[in-house]
*Asks:* 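The following block contains the structure, expressed as structure tokens.
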Number of protein chains: 2
Amino acid sequence: MNLRERKKRRTRDALLRAALELFATRGYEETTVDDIAAAADVSQRTFFRYFAGKEETAFFVPRLAETHVVEAVRARPPGEAPLEALRRAVLESWDTINEAIEELVPIELHMRVYRVIESTPALLAAHLRRAAELEEQLAQIIAEREGLDADVDPRPRIIVALFGGVIRVTERLWSAGDDLSLDAMRQLTTTYLDQVGPALAENWRTKPSP
Amino acid sequence: MNLRERKKRRTRDALLRAALELFATRGYEETTVDDIAAAADVSQRTFFRYFAGKEETAFFVPRLAETHVVEAVRARPPGEAPLEALRRAVLESWDTINEAIEELVPIELHMRVYRVIESTPALLAAHLRRAAELEEQLAQIIAEREGLDADVDPRPRIIVALFGGVIRVTERLWSAGDDLSLDAMRQLTTTYLDQVGPALAENWRTKPSP
DNA sequence: AGGCTAGTGACAGCCACTGACAATTGACAA
DNA sequence: TTGTCAATTGTCAGTGGCTGTCACTAGCCT
């Protein structure tokens, strides 16, 4: 890797870390691009040469995680039922994701930024749109696994929408709670996924909540 | 109603219609607030006195629809299973919603704007966030119906997330297709909701798609 | 009729973002 | 090494969304 390449990487990382640090401490809306550029000691114009917009810095790490999840789903054995494959892929990918993140920014900083994403309307909106795109990808993968065409058979999109919905609910609850550990997230996710069956029962009153 | 009040209503409607017309013909990003204000023959500053932002004009009509849906769910008999109540509420509310919309803008214009929302990243993101808020409301209503606490029992949020996921999939497919009629939407929705059960089956290969 | 106030326009300014151009800096061959 | 080329950067100017301020006008109320 060149001196030039290394310099670029350093600048990008400096901008990224500066941005996330500022978002986590001061808040997203309260941070201007000029602040970020100043903190990384480059011009505002340079910031926009590394990131398409302020938003992109906030989603740089989540994008990593998404990539891992997609690959984890692809790697699942074809025998598994779709929902099972999605569930196992997500649960197992979280372990490995953390290492990849830590190379870029401290996990703890990432957690704090995640909270900011969930509590900042503009960022939450962007997050949900990204999630929708991810779901589209996953639906295609599931369709392939099952030898179906997602544009004809509704089931791949439905099962992914269901799964995605549950994940988003748990994400929200997790980020609103006070235990931001990986274990808490894992616990919440399995609990909620286990409730999908009961939720579809005709009459809820026969079986109380856990 | 005052002359003053009437004048205000007229100004707001003029701005709204001008905005939607411009969005539908020229596109959202290609329309500036100055364009909208000019088309309605008021200053840009006045535009911002009627709408919090450009985005709000695009979601003015959808907001109406959401209100109707919430009320329709509230009006469902308590005996129905949750998913059934949601399904019937949505299907039945569409009929009545259209009349309310037509008082404000032509339905046909609304349809064209809806397409713009689905195909404009910034608007789609906002739409998904609004949908998430709506789901939260519906989860509370469902929890009440069943005499549960949505913060303790996961099932209300899960069932609403599932339902919302399916609705969003159908919205997307509908707006991407070429039959923008109400009947097409209704058809698509019932078909997809009917596939929820099959989608949860362990092995999809036993039963092909319809 | 005349004072009161809600609604408006004009103006200035902030912030995200972009295009254009000039200055700088690393890469690479002579 | 040095000179040349290309990549990277900073500066400047401009656009569009959005907000605060202030003076002015138009409808309301007694």
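Any value given below was found using the heavy atoms of this structure, including those in side chains, with hydrogens, waters and symmetry copies removed. Quick note on labels: first sequence line is chain A, next is B, and so on, each numbered from 1.
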*Asks:* B/Phe48 has an atom CZ; how far is it from atom P of C/dG9, in whole Å?
*Replies:*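 After rounding, the reported distance stands at 14 Å.
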*Asks:* If you draw a 6.0 Å radius around CZ in A/Arg9, do more than 12 non-hydrogen atoms from other residues or ligands fall strictly inside?
*Replies:* no
*Asks:* How close or far is atom P of C/dT18 from atom CZ of A/Arg49, stated in whole angstroms?
*Replies:* 12 Å
*Asks:* Assuming nearest nucleotide by heavy-atom distance, tell me which of A/Arg45 and A/Thr32 is located more 5' along DNA chain C.
*Replies:* A/Thr32
*Asks:* Send over the distance from A/Asp41 CG to D/dG10 C1', rounded to a whole Å.
*Replies:* 12 Å
*Asks:* Check the distance between C/dC17's P and A/Glu56's CD and give it to me in whole angstrom.
*Replies:*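 Taking CD of A/Glu56 and P of C/dC17, I get 10 Å after rounding.
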*Asks:* Check the distance between C/dC17's P and A/Phe51's CZ and give it to me in whole angstrom.
*Replies:*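 Checked: the CZ to P distance equals 13 Å.
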*Asks:* So for atom CG, which belongs to B/Asp34, do other residues, nucleotides or ligands contribute more than 12 heavy atoms lying within a distance under 6.0 Å?
*Replies:* yes
*Asks:* CE of A/Met1 versus P of C/dG26: gap in Å, rounded?
*Replies:* 16 Å
*Asks:* What is the distance from CZ of A/Phe47 to C1' of C/dG19, rounded to the nearest Å?
*Replies:*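 Going from CZ in A/Phe47 over to C1' in C/dG19 covers 18 Å.
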*Asks:* Check DNA chain C against residues 2-17 of chain A and give the residues with a non-hydrogen atom under 4.0 Å, in numerical order.
*Replies:*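 Heavy-atom contacts with DNA chain C come from A/Asn2, A/Leu3, A/Arg4, A/Lys7.
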*Asks:* Side chains of B/Glu171 and B/His127: any donor to acceptor distance under 3.5 Å?
*Replies:*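 Yes, a side-chain donor-acceptor pair sits under 3.5 Å.
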*Asks:* Can you measure from CG (A/Leu20) to CZ (A/Arg112) and round to the nearest 0.5 angstrom?
*Replies:* 10.0 Å
*Asks:* When the distance from CD of B/Gln44 to P of D/dC18 is rounded to whole Å, what number comes out?
*Replies:* 9 Å
*Asks:* Please check the phosphate of C/dG9 (OP1 and OP2 only) for any side-chain N or O of B/Thr46 closer than 4.0 Å.
*Replies:* yes
*Asks:* Counting only side-chain N and O atoms of B/Tyr50, is one of them less than 4.0 Å from OP1 or OP2 of C/dG7?
*Replies:* no
*Asks:* Would B/Asp13 and B/Lys8 pass as an ion pair if we require N to O under 4.0 Å?
*Replies:*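 B/Lys8 and B/Asp13: not salt-bridged.
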*Asks:* Would you tell me whether A/Gln140 and A/Glu136 have side-chain atoms, one donor and one acceptor, within less than 3.5 Å of each other?
*Replies:*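 Checked: A/Gln140/A/Glu136 side chains pair up, N/O donor to acceptor below 3.5 Å.
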*Asks:* Counting only heavy atoms not in B/Arg88 (residues, nucleotides, ligands), do more than 12 fall under 6.0 Å from its CZ?
*Replies:* no
